[in-house]
Amino acid sequence: MNNFDTCKPSEVRNLIRKGTIDYPTTGMCSGYAQGNLVILPKALAWDFLLFCQRNPRSCPLLEVADAGSRTFPQFAAGSDIATDIPRYYVYENGIRTGEYTDIRPFFEQRTDLVSFLIGCSFSFEASLLEAGVPVRQIEEGGNVPMFNTNTP
């Protein structure tokens, strides 16, 4: 895996858009905030926004795009929500129905999609490294540890 820690976010987004990067962005763009993307139909967006506001530690809300928009103008000017993420998991009714590197067709089929940019643990990796704390997923070239739960 290449070292993209000194790249600017726009450079990494461009490499993702070109298909050069199609894996987790852990360790990339040191010093910049990274985010997770949630896209919902407008009918569900208010409920998710409320959830984020009531749970700011687990879902810190960075930006909300207008319905149908494919960019985050404040945090990622020039971004394309449909192509600038290495992998998209699509869920329908709580079931993962697909994995994609390009979700333009979803935005073409629906004009009511609202995108949320929420904070990500990748944002503080640089601080840990600078303090001499090893970050295992970066050392191993993997993704952050995640856990499944049986709690709804």
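Counting from 1, the numbers follow the sequence of the chain as shown.
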### Contact summary for A76 and T71, nearest pair of heavy atoms
O-OG1, 3.8 Å
### Query
Do L37 and F75 belong to the same hydrophobic cluster, where Ile, Leu, Val, Met, Phe, Trp and Tyr are linked whenever their side-chain heavy atoms lie under 4.5 Å apart, directly or via other members?
yes
### Query
Run the side-chain contact (heavy atoms from CB on, under 4.5 Å) check on Y32 and C7 step by step: do they pass?
CA-CA 10 Å; Y32 290 92; C7 286; over 6 Å; no
#### Entry: Nearest non-hydrogen partners of E63 and Q74, listed with the distance
OE2-N, 3.0 Å
### Message
Do I39 and L44 sit in one hydrophobic cluster, given that two such residues count as connected whenever their side-chain heavy atoms are within less than 4.5 Å of each other, even indirectly?
### Response
no
### Query
Where is the tightest heavy-atom contact between N36 and G119, given as atom of each residue plus distance?
ND2-O, 3.5 Å
### Summary
To the nearest 0.5 Å, atom CD1 of I21 lies from atom CG of N14 at 9.5 Å
Taking only distance into account, with no hydrogens and no angle test, what donor-acceptor pairs under 3.5 Å do side-chain atoms of residues 46-56 form with protein atoms, sequence neighbours excluded?
from : atom 1 : to  : atom 2 : distance (Å)
N55  : ND2    : F51 : O      : 2.9

Residues 88-98, side-chain donor-acceptor partners within the protein, below 3.5 Å, at least two apart:
from : atom 1 : to  : atom 2 : distance (Å)
Y88  : OH     : I81 : O      : 2.6
Y88  : OH     : A82 : O      : 3.3
Y88  : OH     : T83 : N      : 3.1
Y88  : OH     : D84 : N      : 3.2
Y88  : OH     : I85 : N      : 3.1
E92  : OE2    : T97 : OG1    : 3.0
T97  : OG1    : V90 : O      : 3.3

### Query
With a 4.5 Å limit on heavy-atom distance, are the side chains of K8 and C29 in contact?
no
### Query
Do T101 and R87 have side chains that get closer than 4.5 Å, going by heavy atoms?
yes
### Query
How many angstroms lie between CZ in F4 and CG in L15, if you round to the nearest 0.5 Å?
5.5 Å
#### Entry: Minimum heavy-atom distance I118-C59, with the two atoms named
CD1-SG, 4.4 Å
### Query
In Å and rounded to the nearest 0.5 Å, what is the CZ to OG distance from F107 to S115?
4.0 Å
### Query
Is there a donor-acceptor contact under 3.5 Å from the side chain of Q34 to the main chain of M28?
yes
### Query
Which atom names give the shortest non-hydrogen contact between F116 and F72, and what distance separates them?
C-CZ, 3.7 Å
### Query
Can you name the nearest heavy-atom pair linking G35 to L117, along with the distance?
CA-CD1, 3.7 Å
### Query
Would you say V64 and I103 are hydrophobically clustered, going by side-chain heavy atoms of ILVMFWY under 4.5 Å?
no
### Task
Quick one: pull up CD in E11 and CD1 in I16 and give me the separation to the nearest 0.5 Å.
12.0 Å
### Task
Verify, without hydrogens or angle tests, whether Q109 (side chain) and F106 (backbone) share a donor-acceptor contact under 3.5 angstrom.
no
